[in-house]
Amino acid sequence: MTYITKPRIDLPGQSTNKIGLLRRDYEGVLSTLCAGCGHDSITAAIVQAFWELSIPPEKVVKLSGIGCSSKTPAYFISGAHGFNSVHGRMPSVATGALAGNRDLVCIGVSGDGDSLSIGFGQFGHAVRRNINMLYIIENNGVYGLTKGQFSASADKGSKAKRGEINQWKNIDSVSTAISMGGSFAARSFSGDREQLVTLIKAGVMHPGCAILDVVSPCVTFNDHLGSTKSYLYTRDHYHPALETDFVAPANEITTSYAEGESTVVELHDGSKLLLKKADSGYDATNRSKVLRYLEQQRARGEVVTGLLFINAELPEMHLIYGTSKTAMKDLRFDKLNPGSLALAELQSRMR
Amino acid sequence: MKPTNTNNPNHFHKVVDCQWACPAHTDVPEYIRKIAQGDFTQAYMLNRESNIFPGILGRVCDRPCEPACRRGRTNQKPVAICRLKRVAADHRGDISAHMPIIPKNKNGKRVALIGAGCASLAVANDLMPIGYECTIFEALKEPGGLMRSNIPSFRLPANVLNEEINAIVDMGADLRLNHPIESMKSLLAEGYDAVFVGTGAPKGKELKLPGREEATANIHIGITWLESVAFGHLDAIGKRVLIIGVGNTAMDCCRTSLRLGAKDVKVMARKPRDFFKASDWELEDAEEENVEIIVNHSPKEFVLEDGRLVGMKFEQVEYDIEYGRIVNQWTTGEIVVPCDDVILAIGQENAFPWIERDLGMEFDQWEVPVVDETTFESTLPGVFFGGDSAFGPKNIIWAVEHGHQAAISIHRHCQGKALTERLPVLMNLGSRKMGMHEWSFSNDFDPAARRKMEHVELDQRFKDLTTEVELGFTAEQAQQEVERCLNCDIQTVFFDSLCIECDACLDICPTQCLTITTNADKGDLFGQLRAPRREPEQPLYVSEPLKQTTRVMVKDENLCLHCSLCAERCPTAAWDMQKSGFEFPRAIDHNGTS
Ligand SMILES: Cc1cc2nc3c(=O)[nH]c(=O)nc-3n(C[C@H](O)[C@H](O)[C@H](O)COP(=O)(O)OP(=O)(O)OC[C@H]3O[C@@H](n4cnc5c(N)ncnc54)[C@H](O)[C@@H]3O)c2cc1C
Ligand SMILES: Cc1ncc(C[n+]2csc(CCOP(=O)(O)OP(=O)(O)O)c2C)c(N)n1
Ligand code: SF4
Ligand code: SF4
Ligand code: SF4
Ligand SMILES: [Mg+2]
């Protein structure tokens with residue numbers, strides 16, 4: 001936590017994005033998290049990704065629940081809309097926000113406690129409805145904000161700061177999302193900025209609910225020996241299953257890739273995801289194979305990262321509901337609200 | 001790249017841009033801090049340790065520190081370092097208790113100093129406290145050299161000059177005024193243990209053009225003319241004056257003319273403005289007084305009528321300039337500019353007619369003695385040079401630094417020790433951490449703009465020669481200006497074994513000067529830096545391999561604001577803010593060393 005503000009100074013030759021904004025225009029207020037918290041790194045990656053994507057801040061809605069992780073939307077994109085909901089209820093608010101304005105770019109930031117304990121049901125239905133949002137779970141294996149109790153993502157056998165051993169099997173958000181029929185499930189690490197920025201971009205552009213679980217060490221309560229969510233443990237067991245390149249709509253894929261070793265996934269807006277397999281035979285589009293692979297690696301204690309599963313063809317909420325293509329907030333008032341006569345007529349049809 | 005050796009004092013010294021740029025390495029950030037604390041006396045003494053003349057230099061220093069100031073690289077004007085020196089001098093208390101103690105019992109060594117300019121005075125300042133007997137021979141009737149005879153008193157008041165010169169003479173130097181040395185041979189015969197030549201570069205350059213001899217009554221050599229004005233031999237000049245040349249001497253000549261009754265003063269420059277030798281602030285001050293600066297005019301001839309100067313003929317020249325260099329030039333016409341007087345200010349030269357050439361002292365092809373750049377000794381052992389006399393005209397602060405170095409040499413020479421085995425610069429570092437978010441320095445970045453120095457109204461300025469133009473900073477101005485200092489002497493010191501590579505410092509750094517990356521050779525590593533490396537001369541720090549990933553922490557010092565946010569954000573205190581102090585050995589420190 002820092003008391004002086006980060007100075008804003010104009011440096012010679014600083015670069016702007018396509019809409020003329022500086023990187024710092026995507027920053028928020030100064031973080032009040034513990035110094036060294038992985039969540040701050042994720043914030044920096046979000047700033048970087050949104051700046052590089054040139055998304056106008058006023059087109060963004062940032063939502064969260066409760067937790068240190070859920071505090072972070074305050075620390076990026078000051079110019080965005082935002083809502084800090086009650087514990088575990090971020091997906092409900094996201095559903096409502098997108099129902100009202102489907103043109104928003106929606107990013108939800110949650111924690112392993114927020115999403116896998118109190119908000120587990122909400123998490124499941126966000127995935128199931130395939131709400132068009134980037135859903136980040138900042139995963140540190142503990143309830144950071146309430147001083148470090150084990151969360152549902154803590155591995156069985158891992159040790160708390162004061163010595164007790166976790167007795168419960170962990171809930172893995174990635175395999176849960178895939179088995180619930182999700183369309184996008186990825187894992188990353190707050191300490192791998194390059195991969196994280198790419199996955200954030202992919203998740204933002206993915207037309208559906210993109211679950212991005214990011215291992216994000218809690219320096220204060222879960223960065224000791226015996227923890228499986230520390231910087232050191234994560235680095236020692238780090239295993240990228242595949243590399244992802246994000247290629248913006250107008251650009252060509254320039255990197256050469258061997259046939260069979262890579263897959264190209266085209267998104268609806270024309271941007272492409274180039275998935276390069278690190279583990280031979282890995283197929284991020286084959287649900288059952290991915291689940292088997294994840295189970296295998298879990299037994300080995302590896303932290304598998306990358307865009308682990310994607311199906312860009314699954315319909316998102318608005319498509320399933322068949323709602324108007326025009327955002328509700330842009331509908332003419334008489335269309336949106338045809339008046340009490342029309343309501344009475346509708347009701348009479350139901351009698 | 002190899003890990004940076006931060007034990008070499010040069011690494012952190014270079015980070016303190018101003019101190020590095022100052023020829024005498026004045027501890028700028030620390031004296032600014034003292035001013036901020038209201039301790040003007042200590043601020044003054046800290047200056048005096050390095051530059052000897054804080055009051056004088058706080059007005060007229062060439063200030064190489066200011067273009068070097070870090071502020072300048074963040075799209076702002078440099079801190080008014082020089083003006084703050086004057087603040088310290090103007091507000092200091094009695095310094096007598098802080099001055100070096102002069103031993104009653106002398107060490108038995110006698111040194112002759114020729115010329116009472118700043119170079120000789122600096123030597124005396126360093127040698128008197130060790131017990132030397134210093135005799136200063138000065139041709140003029142007052143001490144101070146060009147500071148007295150050439151720098152006009154509207155820039156440098158006599159009382160400031162007297163006070164700081166007296167502080168040295170009062171250490172017990174034997175000052176012999178009106179005493180030109182006319183023969184080096186006879187001086188050497190007097191058996192001094194060492195001789196220091198601080199006679200400056202006393203010869204103003206001539207401009208041999210048609211009409212020069214005939215019109216001589218109204219053609220003046222700049223430095224001689226300024227001297228005559230300074231000593232009251234001259235108190236008038238014609239209404240229309242042309243100054244030839246556009247260096248700092250020209251600026252003093254034109255402004256002095258205005259104070260002697262001239263109404264129309266033009267400075268005639270051969271080349272375009274980018275090629276001017278004068279400092280920007282001197283040009284600005286002259287132009288503020290409505291001096292006209294005319295570019296691209298090359299002097300051809302003095303024009304006379306009835307044996308009297310009536311004007312000067314110039315060739316009008318055009319230039320082709322590529323990348324700051326003249327690649328082609330041609331004449332477009334001629335013009336006669338009418339005038340009553342012409343002042344030549346086109347440079348100075350060394351001249352040593354009084355040094356016999358059969359003393360075993362080597363002279364170079366320009367008839368200038370060969371002088372060692374480190375020891376300041378000539379090829380005649382025991383005879384030293386410094387200031388303008390050593391390597392041609394420079395400025396006061398360089399002359400002072402030459403004096404410090406020559407004093408070390410003289411002291412070693414008198415002890416019979418090798419001149420080249422001088423003590424190294426020492427560095428110490430001390431943490432400035434006070435608590436969780438507390439540092440014992442003013443680390444919060446202040447975006448304020450440079451304060452503007454107020455000047456005496458134009459109509460008040462010209463009534464005499466001695467009204468000082470600059471008013472000095474008000475208390476409020478000084479208070480604001482000190483906060484602009486970025487504390488470059490509070491270093492970011494990295495402890496690689498503590499770093500857990502959480503990136504917190506990288507993300508908080510407002511100027512992106514930190515990078516954690518895989519080590520590589522220079523070119524590749526530079527390519528990976530988060531902010532492009534714009535200033536190749538600025539220090540770069542590369543850590544040892546980090547524990548968790550063997551990557552390295554790299555810091556480009558160029559844009560660091562010394563805001564300490566990296567150190568505040570680091571969970572393991574792998575970054576600390578530590579004050580660097582440098583000790584520059586003086587003659588007195590060379591006591592009893594081998
Ligand atoms: C017009 C003008 C303006 C300047 N303005 C500035 C400025 O604003 N800031 C700045 O930093 N620098 C300025 N300078 C340069 C600066 O004055 C000199 O670099 C500096 O004074 C050099 O000091 P010095 O001790 O080497 O020699 P000097 O100051 O030249 O002193 C030499 C002394 O030796 C005496 N002397 C010479 N020969 C003999 C002899 N044979 N016997 C006895 N005595 C002798 C001379 O009379 C003189 O007093 C200016 C120079 C000029 C000409
Ligand atoms: C309804 C409700 N129940 C419990 C709490 C207490 N509480 C606050 S934060 C938190 C857990 C947060 O954990 P996580 O989402 O992992 O966030 P972290 O702080 O670890 O980033 C809990 C249980 C609460 N604020 N509201
Ligand atoms: S308690 Fe843990 S999760 Fe919360 S801010 Fe501190 S380090 Fe981050
Ligand atoms: S002090 Fe640290 S955070 Fe501040 S500019 Fe320098 S490196 Fe960056
Ligand atoms: S904040 Fe400290 S621990 Fe984190 S990367 Fe920087 S130096 Fe290393
Ligand atoms: Mg948590």
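Proteins get letters first, then strands, A, B, ... in listed order; numbering begins at 1 in each.
- At a 4.5 Å heavy-atom cutoff, A/R24 makes no contact with chain B through either its backbone or its side chain.
- At least one side-chain heavy atom of A/S15 sits less than 4.5 Å from a side-chain heavy atom of A/W51.
- A cation-pi arrangement is not found for B/R569 relative to B/W575, the charged atom failing to lie both closer than 6.0 Å to the ring centre and inside a 45° cone about the ring normal.
- Taking 4.5 Å as the limit, every side-chain heavy atom of B/M1 sits out of range of all side-chain heavy atoms of B/V554.
- If you measure heavy-atom distances from B/C509 to chain A, the contacts under 4.5 Å come from the backbone alone.
- For A/T305 and A/Q195, the side-chain atoms include at least one donor-acceptor pair closer than 3.5 Å.
- Within the 4.5 angstrom heavy-atom criterion, no atom of B/I516 approaches chain A.
- Heavy atoms from other residues, nucleotides or ligands lying under 6.0 Å from NZ of A/K159 number 12 at most.
- Checking A/N17, A/V105, A/V204 one by one against A/L53, the side chain to side chain contact (heavy atoms under 4.5 Å, CB included) holds for a single residue, A/V204.
- Looking at B/Q76, neither its backbone nor its side chain comes within 4.5 Å of chain A, counting heavy atoms on both sides.
- Only the side chain of A/D223 comes within less than 4.5 Å of a heavy atom in chain B; its backbone stays farther off.
- When heavy atoms are compared at a cutoff of 4.5 Å, B/L559 approaches chain A solely by way of its side chain, counted from C-beta outward.
- With a 4.5 Å cut-off on non-hydrogen atoms, B/R73 touches chain A through its backbone but not through its side chain.
- No other option in A/S41, A/S190, A/G38 has as many heavy-atom pairs under 4.5 Å with chain B as A/S41.
- Of the possible polar contacts, none joining the A/T72 side chain to the A/C68 backbone as a donor-acceptor pair under 3.5 Å is found.
- For a residue to count as touching a neighbouring chain, one of its non-hydrogen atoms must lie under 4.5 Å from one of that chain's; by this rule A/L11 touches chain B with backbone and side chain alike.
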